[in-house]
Amino acid sequence: MLYGHLDAARTRAEETLRAVYLRSGGTRQARVEREVVAAEQARRLARLRAVERGLCFGRIDDVSGRTLYVGRIGLRDDEHESVLIDWRAPAARPFYVATAGDPDGLLRRRHLHLRQRTVVGLDDEVFDLERMSDGDRRTLVGEAALLAALRRGRTGRMGDVVATIQTEQDRVIRSSLQGALVVQGGPGTGKTVAALHRAAYLLYTHRDTLERRGVLVIGPNAMFLRYIGQVLPSLGETQVVMATLGELFPGVRATASDDPAAAVVKGDVRMARVVRDAVRARQRVPRGDLEVPLDGLTLRVPHETCVRLRDRARAVRLSHNMARKLYVTELLKELARAEARALEESLRLAEMELEDPELDGPLDLESELDDVDIDLAARRLWQEPPVRAAIDALWPELTPQRLVSELLSDPDALWELCPSGLDWPALVRPVSAPWTDGDVPLLDEAAELLGEDDSAARVASREAAAEWSEQELYAREVLESTGLLEEGVFQRADVLAGRHADDGEGPTTAERAAADRTWAYGHVIVDEAQELSAMAWRAVMRRVPAKSLTIVGDIAQTGSAAGARSWAQALDPHLAGRWREERLLVNYRTPVEIMRVAADVLASVAPGEEPPRSVREGGAEPRAVRCATAGLPALVAEELAAVGDGRVGVIVSDARHAEVAALFPGEDLEEPVVALTVTRSKGLEFDAVVVVDPAGILAQSPQGGQDLYVAVTRATRRLTVVHDGDLPEVLSRLRS
Ligand SMILES: Nc1ncnc2c1ncn2[C@@H]1O[C@H](COP(=O)(O)OP(=O)(O)OP(=O)(O)O)[C@@H](O)[C@H]1O
């Protein structure tokens, strides 16, 4: 029946769209109106097509005798009566929050399992059997929906869990848009999945704000972003920018990684000052007077004047490249005067040589110059290469890329600018070295200080603003004339104008935001947030001035040497205690048997920290196998056979990765086997995991214990640890 409504809605949207396309001509307003309606219908159609799978997954019966069906989107029948509620709507909330202790007005919650369009399973939870009718009692079915969802094999892509969101996750998803929310939870507690559903929920609930400003999701690496990439589209949301930290600076792509020592220094908050001082160090004064040779003359500006000009340009507190304009103007005027003086001097010398009686009395060309002469002379001098070179040496126009690459390749400058205690030699590298994730916050810092000469952009933005008001006016007229306002489809004309502006060939909000370093997002979600350094947090916070964030992570899994040791340490410098925390305590990934091993590792890195409670049990006993690299293919084949259609992840120490990856060259998570370092396996999961060289993982960095914890918690069914030396003590439970 519901699919009948879905088909009818699709047909209606298709027909409207076709009718709109068939119409042509008319006034400008008519054209705008047509485009608005066409765009809205196209969007609606895309959404209706995306929800074919699992359209409806729940039903709730409440104490007032009302029955509601819950699904991926809301649908109405021909009489405009609601037949399916969107999972994000307030009316759907009891489906997620009702518990035996607090049923929230429900008698029964039913999970529906669909294959294509047919219901293949039901799963009931009854909250008040006494009040149910006999007929309803007879139809009760009781298989746990969650466990059914968890038993499915891994596909290499994360799926949505909209049908089985748990109460503690629902609190995270529906938490207010305002302020910063930290979601702390052990491995497999659904932090990522909850954060993505939160993005969909916020876009649904605050569409006005967020569609205009956009939502940014920051993940640890490209593989992870691919892994989670389909969750939001399957929830009907496409207006989200997904990026790694290394992609946050438009025009730069971080392709290399830092060794731990360099990562620590680059992530240290004192680097903000180093970058600031590096910019100031490029605002120079000559040792003595400034001397510029030009056409046989020497233009000389006294040292004190150079100091005065530099200090004046600094005092205006503009960014370096903007202040440079002032500096250049002033210095050119000084050079114009210096030219007059030099000319005068040369004439005086000539006169002395000629002893021309006609030329009596000293010449004073400088004092005869008025402002117009000086301006003209300054313009002429600006075209002279020796003058340009002199100015560029004193106050160059700088790009962030040039500043940072020159700084990191200049040991003398680093020695001079870095405070004691900062291990600056760890930073030194060739000037053309590839960018790393750790460089991006430095570039961002530099960009803030350098600024851009944005006069052209300002003119463009004034024009855009004028265009915008015009569009808004048209949009308002369209709203009035089409009655869309009354139907509650659009709340505000500026939103409609924004949608209209987004249509057609132009870039979408997400595309515009991704290309603009200074874009202010409406909300930012940071996953694996424990890995961010103090400098990275500065870059993230700049992108969300309203400080509306969802920060997702697990302090016990911090692998980066520059990462967080506590949320307070990472966030208080920006949010001064103004952040709230939700904890997720149930592990939906790792079975009890594997979690016992993980708990030993956790105890060694975070004594006193409770591991999350696993919902899965009855998995295979984890095992340790002593074998050399040559034995790995046979062992992995065994694991593959055991998981059938599932996926095997081989997680290996950094030192042995190249050697092992040569045996399993798969690079895509959808392939049956993939070999990864621990860093690359962050946030991922596999049916079976083979951890190779646990001792190497423990030894590879000061955070080796945390890395091992991450590695052993990636499996949903089977864990094998492969070692060729002694098994580390922390894994002694695996000794047979
Ligand atoms: N309510 C739920 N219903 C069904 N599956 C769920 C639910 N919550 C989480 N899962 C599943 O549990 C697994 C782990 O979730 P997720 O990756 O979000 O955990 P995480 O806390 O981010 O883990 P990690 O810290 O290890 O990255 C995923 O397969 C996810 O789909």
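Whatever order the structure lists them in is the order used to number ligands and atoms, beginning at 1.
When the salt bridge (charged side-chain N to carboxylate O under 4.0 Å, His left out) test is applied to Arg174, the partners found at least two apart in sequence or on another chain are Asp170. Under the rule for a salt bridge (charged side-chain N to carboxylate O under 4.0 Å, His left out), the partners of Glu582 that lie at least two apart in sequence or sit in another chain are Arg171.
Residue Glu528 approaches ligand 1 through these ligand atoms, each under 4.0 Å from one of its heavy atoms: 27 (O). Close approach of ligand 1 to Gln166 is summarised as follows: ligand atoms under 4.0 Å from at least one heavy atom of the residue are 1 (N). Applying the 4.0 Å criterion to heavy atoms of Gly683 picks out, from ligand 1, the atoms 27 (O). Every atom of ligand 1 with a heavy atom of Gly186 under 4.0 Å away is listed here by number and element: 21 (O). For ligand 1 and Gln169, the ligand atoms under 4.0 Å from any heavy atom of the residue are 1 (N), 2 (C), 7 (C), 8 (N), 9 (C).
On a distance-only criterion, Gly190 and ligand 1 share at least one N/O pair closer than 3.5 Å. Considering backbone and side-chain N/O atoms, Pro187 never comes within less than 3.5 Å of an N/O atom of ligand 1.
Side-chain atoms of Val193 and Leu196, non-hydrogen and from C-beta on, never get closer than 4.5 Å to each other. Inter-residue side-chain proximity for Val710 and Pro187 is flagged as unmet; no heavy-atom pair is nearer than 4.5 Å. Asp687 is not listed as a side-chain neighbour of Asp645, based on a closest heavy-atom distance of 4.5 Å or more.
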query = Does the side-chain contact (heavy atoms from CB on, under 4.5 Å) test come out yes or no for Leu210 and Leu202, once each step is laid out?
reply = CA-CA 8 Å; Leu210 296 182; Leu202 292 176; 3.7 Å; yes
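Using a 4.0 Å heavy-atom cutoff, Lys682 is absent from the residues neighbouring ligand 1. Under a 4.0 angstrom heavy-atom cut-off, Gly185 registers as lying outside contact with ligand 1. Within the structure, the closest approach of Ala195 to ligand 1 does not fall below 4.0 Å when heavy atoms are considered. The shortest separation from a heavy atom of Ile165 to ligand 1 is under 4.0 Å, placing the residue in contact. Heavy atoms of Thr189 come nearer than 4.0 angstrom to ligand 1 in at least one pair.
The aromatic rings of His197 and Trp87 sit perpendicular, their planes meeting at an angle over 60°, well past the 30° parallel limit.
The aromatic ring centres of His111 and Phe95 sit less than 6.0 Å apart.
The heavy-atom pair separating Ala194 from Val172 by the smallest distance is CB-CG1, 4.2 Å.
Compare Gln557, Glu685, Lys191 by their heavy atoms: the one nearest to atom 20 (P) of ligand 1 is in Lys191.
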